[in-house]
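Read through the structure below, which is laid out as structure tokens, and then see the notes.
What you see is a predicted model; the values in this text were computed from it and never measured. The chains referred to below are lettered A, B, ... by the order of the sequence lines, with proteins before strands, and numbering in each begins at 1.
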Protein chains: 2
Amino acid sequence: MMTSADYYDPLKLGNQLCFPLYACAKEIVRRYKPYLDELDLTYTQYITMMVLWEKKSLRVKELGEILYLDSGTLTPVLKKLEQKQYLTRQRSAEDERGLDIHITPKGEALKSKAINVPAGMAKCIRLEPEEAQTLYRLLYKVLDDLPPVTG
Amino acid sequence: MMTSADYYDPLKLGNQLCFPLYACAKEIVRRYKPYLDELDLTYTQYITMMVLWEKKSLRVKELGEILYLDSGTLTPVLKKLEQKQYLTRQRSAEDERGLDIHITPKGEALKSKAINVPAGMAKCIRLEPEEAQTLYRLLYKVLDDLPPVTG
DNA sequence: TTCATTTTAATTGTGTACAATCTATTTGTG
DNA sequence: CACAAATAGATTGTACACAATTAAAATGAA
């Protein structure tokens, strides 16, 4: 028997866009683990280091805007990376509210060990180059057009 | 100055496919919160209920395969939903290892309250219908072709 | 200048998410 | 049958992720 609700039910997992997004992100991040284990980094620590490899130095606030993370998440991650001596944390001189994150030489050196991670991971996403390109473009379109959190 | 590393650096956040996937999933789920707060459900509880609205009854193992979650995550979620009386948990009669999850009438009734969630959320993903269609297809392609976790 | 407002991180509490381990049960092989 | 191997959930420990709150510092309007 088929009721009208079965015909097109928006509350079916298979009819949602959010679920494959959620599952896909989670499963891809999970497949990073063996590569990141070699560097003794978690995924969150890894993307933090990627920003630092590029920027060398920035405030927690700016890092949070780039990674879509708040201080509640970043503070412990940054303390961990400070312990590993990949970065330094110090209050900004011109604005004592801000905290300056600075990459260290040891943090810079880590990049050469991470150089093979992206290629290893790329094999997990089995798409044609133009499909990957399209996926990339659509994800950034969604991300860039996101409405504010409440309202 | 532009060094060869800047030309195409795979270790730049902007050159990775995983990061927008991760950020996008996270931000979309975050925007579910106001809608799910009205139902007093978390996102994980919500997708669990979606499976139950469709299947009525299944084992924890099968639920985990559908949601890409293991018992470490599901056990506390299912206990919470049991507390709320949306489902029952009982050992399978024919195989005492298995745990049968069953939706309750109260769980069924919740569906009518959730009916407006997907439409509210759809407004968060600002894509043309055919773009959303493409994104959906590509995400499932990645998900279906995922290599095993180790190896 | 003064004091309310805003901004920036840190802290607290809840809820995933997952690897590793443990326990009970079932299955498969001799 | 007997026992090793496999299976299903639960438990443990670590690490996010985020809302809400707190505390310190900077800003701005009267």
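Of the side-chain N and O atoms in B:R89, none sit less than 4.0 angstrom from OP1 or OP2 of D:dG9. An OP1 or OP2 oxygen of C:dT11 is reached within less than 4.0 angstrom by a side-chain nitrogen or oxygen of A:K79. Taking 4.0 angstrom as the limit, B:R91 places none of its side-chain polar atoms (N or O) nearer than this to OP1 or OP2 of D:dA8. For the OP1/OP2 pair of D:dC18 and a distance below 4.0 Å, the side-chain nitrogens and oxygens of B:K26 include at least one atom meeting the criterion.
Using a 4.0 Å heavy-atom distance criterion, A:G98 is classed as a sugar-phosphate-only contact.
Under a cut-off of 6.0 angstrom, the local environment of NZ in B:K106 is crowded, with over 12 non-hydrogen atoms contributed by other residues, nucleotides or ligands. Counting heavy-atom neighbours within 6.0 Å of B:K56 NZ, excluding the residue itself, gives a total above 12.
A salt bridge is defined here as a Lys NZ or Arg NE, NH1 or NH2 lying under 4.0 Å from an Asp or Glu carboxylate O, and B:E82 with B:K79 fails to meet this definition. Classification of B:K141 and A:E128 as a salt-bridged pair fails, no side-chain N sitting under 4.0 Å from a carboxylate O. Electrostatic pairing of B:R59 and B:D100 counts as a salt bridge here, judged by a charged N lying under 4.0 Å from a carboxylate O.
Of the two residues near DNA chain D, A:T73 and A:R97, the one whose nearest nucleotide lies more 5' is A:T73. Remark on DNA chain D: of its neighbouring residues A:A93 and A:V77, the 5'-side contact belongs to A:V77, judged by nearest-heavy-atom nucleotide. When the nearest nucleotides of DNA chain C are assigned to B:D95 and B:K80 by heavy-atom distance, the more 5′-ward of the two goes with B:K80.
Residues of residues 27-49 of chain A that place a heavy atom closer than 4.0 Å to DNA chain D, in numerical order, are A:T42, A:T44, A:Q45. Residues from residues 52-71 of chain A lying near DNA chain D, meaning a heavy-atom separation below 4.0 Å, are A:Y68, A:L69, A:D70 in numerical order.
A:K111 places no side-chain N or O within donor-acceptor distance of the main-chain N or O of A:W53, the cut-off being under 3.5 Å. Counting only distance, with no hydrogens or angles, the side chain of B:Q16 and the backbone of B:L11 share no donor-acceptor pair below 3.5 Å.
Put simply, OG1 on A:T48 and CG on A:L41 are 9.5 Å apart, with the number rounded to the nearest 0.5 Å.
Of the residues B:L99, B:L81, B:I101, B:L63, the one that meets the side-chain contact (heavy atoms from CB on, under 4.5 Å) test with B:L74 is B:L63.
In this structure, B:L39 is a member of the same hydrophobic cluster as B:I103, with clusters built from ILVMFWY side-chain heavy atoms closer than 4.5 Å.
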Identify all pairs in which a protein N or O lies below 3.5 Å from an N or O of nucleotides 1-4 of chain C, and state each distance.
none

